[in-house]
Amino acid sequence: MCLTFAAEKSTELCLLSFSYLLKKLTQKIRTVSYFKDFLTLYNQISDTCFKRCTNTYNSRDMDMDEEACVNNCAQKHVKANTKMMKVYMEVLPLLMNKRTEEMNAAQAAAMAQQQQLQQDTQDTETSQNIRQSQPLV
């Protein structure tokens, strides 16, 4: 931990190590978040397939029909999820470009509005200065 800032080099090292730690922490949070998302999806698929395929609770083991149903169900969900992710990865750049263009347009409109407001303020000040400089008759 860096608490002393006696020399410029120690300050620079402290900031670099803080930046490094922050980057590592962010990566760990992302990893945990991805793992949490994976577990959520896994649990949803398991729950759906169990409810759909399990018919009897007479024995501890699943019979062959139930096992085949669960396998087919899980495979269908995994394939569907994979296809959705592929489409998402194809569409995401397009969505990001569109959002960037919208933000740039909004920023340009805000800048134009701000410039118009400044121009109006300057025009008002100029007209007031002209009125003040004219002698009263």
Checking Thr31, Val32, Leu39 against Phe35 for side chain to side chain contact (heavy atoms under 4.5 Å, CB included), the one that qualifies is Leu39

Spatial distance of atom [atom1] ([X]) from atom [atom2] ([Y]) [nearest 0.5 Å]:
X      : Y      : atom1 : atom2 : answer
Arg99  : Met96  : CZ    : CE    : 6.5 Å
Leu92  : Asn97  : CG    : CG    : 9.5 Å
Thr121 : Leu117 : OG1   : CG    : 4.5 Å
Glu90  : Leu95  : CD    : CG    : 12.0 Å

Pairs meeting criterion salt bridge (Lys or Arg N to Asp or Glu O under 4.0 Å) with involvement of residues 29-54, two or more places apart
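Found Asp47-Lys51.
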
Ser46 side chain to Tyr42 backbone, donor-acceptor under 3.5 Å
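A pair under 3.5 Å: yes.
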
Is it true that atom CD of Gln27 has more than 12 heavy atoms of other residues, nucleotides or ligands lying nearer than 6.0 Å?
yes

More than 12 non-hydrogen atoms from neighbouring residues, nucleotides or ligands closer than 6.0 Å to CD on Gln118, yes or no?
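Above 12, so yes.
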
Between Asp123 and Gln119: side-chain donor-acceptor atoms closer than 3.5 Å
yes

With heavy-atom distances below 4.5 Å as the criterion, would you say the side chains of Lys98 and Leu94 are in contact?
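They are not in contact (no side-chain heavy atoms under 4.5 Å apart), so the answer is no.
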
Donor-acceptor pairs under 3.5 angstrom involving side-chain atoms of residues 66-81: please list them, not counting sequence neighbours.
unit_1	atom_1	unit_2	atom_2	d
Glu66	OE1	Asp63	N	3.3
Glu66	OE2	Asn55	N	3.0
Glu66	OE2	Thr56	N	3.3
Asn71	ND2	Glu67	O	3.4
Asn72	ND2	Ala68	O	3.3

Please give the remaining members of the hydrophobic cluster of Tyr57, linking ILVMFWY side chains under 4.5 Å, ordered by chain and number.
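Answer for Tyr57: Phe50.
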
